[in-house]
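Report on one structure; see the data block that follows.
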Amino acid sequence: MTAKRIAIPLIVVVILLGIVIVFWKAYAPAPIQLQGQIEARQHMVASKIPGRVANISVRRGDRVEAGTEVFRIDSPELEAKLTQIEALETISQSLAQAVEGGTREERIAAARSEYEKALAAEALAKTTFERIRALADEGLVARQRADDTFTLWKVAEKTRVTASEILKLAEAGPRQEARTAAQAGEAATSSLRDEVAELLDDTVARAHRGGIVSNVLLNEGELAPQGFPVIIVTDLDDSWALFNVREDLLSRVTEGSEFDLKIPALDQSARFRVSHISVLGDYATWRATTPGRGFDMRTFEVEMQPVEPIAGLRAGMSVLLEMAP
């Protein structure tokens, strides 16, 4: 009788305790669970040169390092343009050398010879005029003959002056304006050649960051527009978790705070640190705080960086964050 008196109240207490636990679990607020996904940095490899894709050196899934050749563009028009520019550069260099070299010695010698010839002709014309004038004064020749020889003397004098100026020009060489124009022409063609040569170098596209080739958007033989991303390289070492956090929960997620996130695909949890919170809220995607009144909640993007590298982490994997209700 004593055992029954003790057992019955004990059973009642256990039943009541079980009922209380069941009701507490049924009506207790559930923890808040946020779902996000892993994002990774993507790098678009493109070429500044439009043309036909001549060769693709990688496939999806290949790991590449920075500087690895990934594809090549065939541009025969640009190669022909470079040949034309090189020919123009040769001409410009030759003209510049001719101008900088001054007047050739043969031209200077010819100009000096013409000057000496004009000088001798002037002396002869002057002597002839003086003789004819003396004879004309004595009445031995006509005055018209003296006038003719005077004219011939003045023509010879002007010819000597012209020959003298031509000799000065030949000895002085080209003017400064001609030198400047020749140098400018040479510099312009040289700069144009360097520009086209650099563009030809860009027909070989190289990965500017290391990572895994996640997509190849064109095949060999297809035309690639200027700046079109032919290869996409994903850097899994630069990855983060992205969440859309409702604004009433934003105060619990501050920059620099750390959380343990569950990664179902890897069946493990890892430590993440909040690295960025968007400064602008997105459109309302949640229900109103109170139906019929209140305001619509907006969401903010929150990025979390893994504290330590996580093996096997890939972009697109889901991550779960549990918060107290």
Side-chain angles (χ1 to χ4, degrees), residues 47-52 54 73-204 226:
S47 174
K48 293 185 292 186
I49 306 302
R52 196 173 300 277
I73 295 291
D74 184 19
S75 182
E77 298 85 0
L78 201 59
E79 295 175 357
K81 184 66 67 176
L82 180 61
T83 303
Q84 297 173 8
I85 293 173
E86 288 176 346
L88 290 176
E89 185 182 19
T90 302
I91 297 174
S92 299
Q93 291 176 350
S94 300
L95 292 176
Q97 291 173 0
V99 171
E100 291 296 332
T103 307
R104 296 180 59 179
E105 295 180 359
E106 293 83 353
R107 291 186 178 181
I108 296 177
R112 183 176 291 109
S113 177
E114 290 293 331
Y115 171 71
E116 293 173 354
K117 185 180 2 178
L119 191 64
E122 180 189 12
L124 178 60
K126 182 179 180 181
T127 302
T128 302
F129 166 70
E130 290 175 350
R131 290 175 180 174
I132 296 299
R133 185 181 62 178
L135 293 174
D137 291 341
E138 296 177 0
L140 298 177
V141 295
R143 180 62 61 179
Q144 180 64 36
R145 178 71 183 277
D147 294 339
D148 292 341
T149 55
F150 178 77
T151 302
L152 292 176
W153 173 40
K154 290 302 179 181
V155 170
E157 184 181 9
K158 296 298 182 182
T159 303
R160 187 261 307 166
V161 173
T162 302
S164 176
E165 296 298 328
I166 292 175
L167 178 60
K168 290 179 181 179
L169 288 175
E171 290 177 342
R175 299 179 63 179
Q176 183 60 37
E177 293 83 351
R179 291 191 176 94
T180 303
Q183 293 171 357
E186 184 181 10
T189 53
S190 178
S191 175
L192 189 59
R193 179 187 58 80
D194 294 340
E195 180 183 357
V196 175
E198 186 174 347
L199 289 175
L200 274 176
D201 291 339
D202 200 63
T203 56
V204 180
Q226 182 179 8

What is the minimum heavy-atom distance between D202 and I49, and which atoms define it?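 What the structure gives for the nearest pair is OD2-N, 4.2 Å.
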Those residues that, when tested against Q226, pass side chain to side chain contact (heavy atoms under 4.5 Å, CB included) (two or more places apart): P50
Between S47 (side chain) and V204 (backbone), is there a donor-acceptor pair under 3.5 Å?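 No.
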Applying salt bridge (Lys or Arg N to Asp or Glu O under 4.0 Å), name anything that partners K48, two or more places apart in sequence or on another chain.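 None.
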